[in-house]
Q: 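Handing you a structure now.
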Amino acid sequence: MQKARFEGKAAVITGGSRGIGAAVARRLAGEGAAVAIGYRGNREAAHALVAELAGDGGRAVAVQADVADPEQTRVLIDRAVEEFGRLDVLASCAGIEHFGALEEITPADFDRLFAVNTRGQLFAVQHAAAHMKEGGRIVLTSSVSASRAVFGHTLYASSKAAVESMVLNLSAELGQRGITVNAIAPGGTATDMAAEHGTAYQHPGLVGKMSMDEWAGVQIALKRLAHPSEVAAGYAFLASDDAAYMTGRTLRIDGGMF
Ligand SMILES: NC(=O)c1ccc[n+]([C@@H]2O[C@H](COP(=O)([O-])OP(=O)(O)OC[C@H]3O[C@@H](n4cnc5c(N)ncnc54)[C@H](OP(=O)(O)O)[C@@H]3O)[C@@H](O)[C@H]2O)c1
């Protein structure tokens, strides 16, 4: 029988309280990992997930840490190491959306988006890698938006495009220590983020004329949004030994988005 892939391993998941990050926490814990779940404000959801995972026999803790502040990320990672005695996997899932036309973007919008989606991920890698041994696995989060043109999406898309270059370049350094670093680029995934912003992905001429499901039906080969667990499977793959010879790459999981 195959051994659980993450038995005896410990993982930190930023943005683990909801959506894709929560699905990653469930998947890694379900395959044996002890997980530290980072969240920004949603304490209740994070602690409910810890209780759920503990109820299933897993080991989990929740730690409040705003990834826009690298010191808070350091506290999250240090707490995981303190609690579990090691760190094998970083799944960096925390992220925020933004839509706004060029003339509406403010320097504060820019700083906020990049502080969370880009700078936040870089410093999560820095703090996590400091604790990892050979075989460590780092999985960051980009988006299909990094390589698609969408009206009003410049800030979000470019904050994610930088992440794809980040993993490519970090792979050279971390490869020296036998640590891999890759990214997942999810397509439309049924989470709170998609519920809140999903229709903004439509051409401005179509907004209000198509439901999210109708849009997915014409824009995605598989004709629907992803379930978060389907995207989480990609994080688990990149975090596992199955992906031992894969680094510096971004894996799109988008149902065949046009
Ligand atoms: N859903 C999609 O269609 C889609 C597509 C492509 C890429 N993505 C990317 O996938 C990732 C997860 O997205 P999602 O759809 O699951 O989002 P979501 O449902 O909005 O959940 C966001 C998660 O990130 C956390 N978070 C937000 N800002 C944070 C901060 N400053 N510090 C720490 N945690 C923070 C939230 O914590 P709280 O619960 O405490 O607020 C929550 O756990 C993001 O990086 C997103 O950009 C999503």
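Predicted, not measured: the structure shown is a model, and the values here were computed from it. Counting convention: from 1, in listed order, for ligands and their atoms alike.
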Q: Is the ring pair H153/F99 parallel, tilted or perpendicular, if the boundaries are 30 and 60 degrees?
A: parallel
Q: Without hydrogens or angle criteria, can the side chains of D78 and H127 be said to hold a donor-acceptor pair below 3.5 Å?
A: no
Q: Please tabulate, one pair per line, all N/O donor-acceptor pairs under 3.5 Å involving side-chain atoms of residues 216-227, not counting sequence neighbours.
A:
unit_1: Q219; atom_1: NE2; unit_2: F258; atom_2: O; d: 3.3
unit_1: K223; atom_1: NZ; unit_2: G217; atom_2: O; d: 3.3
unit_1: R224; atom_1: NH1; unit_2: E230; atom_2: OE1; d: 2.9
unit_1: R224; atom_1: NH2; unit_2: E230; atom_2: OE2; d: 2.8
unit_1: H227; atom_1: ND1; unit_2: S229; atom_2: N; d: 3.0
unit_1: H227; atom_1: ND1; unit_2: S229; atom_2: OG; d: 2.8

Q: Can you list every protein residue that has a heavy atom under 4.0 Å from any atom of ligand 1, sorted by chain and residue number?
A: G15, G16, S17, R18, G19, I20, Y39, R40, G41, N42, A65, D66, V67, C93, A94, G95, I96, R112, V116, T141, S142, S143, Y156, K160, P186, G187, G188, T189, T191, D192, M193
Q: Should L168 and L140 be counted in the same cluster of Ile, Leu, Val, Met, Phe, Trp and Tyr side chains packed under 4.5 Å apart?
A: no
Q: Taking a hydrophobic cluster as the set of Ile, Leu, Val, Met, Phe, Trp and Tyr residues connected by side-chain heavy atoms closer than 4.5 Å, whether directly or through intermediates, do I20 and I13 fall within one such cluster?
A: yes
Q: Around atom CZ of R43, are there more than 12 heavy atoms from other residues, nucleotides or ligands closer than 6.0 Å?
A: no
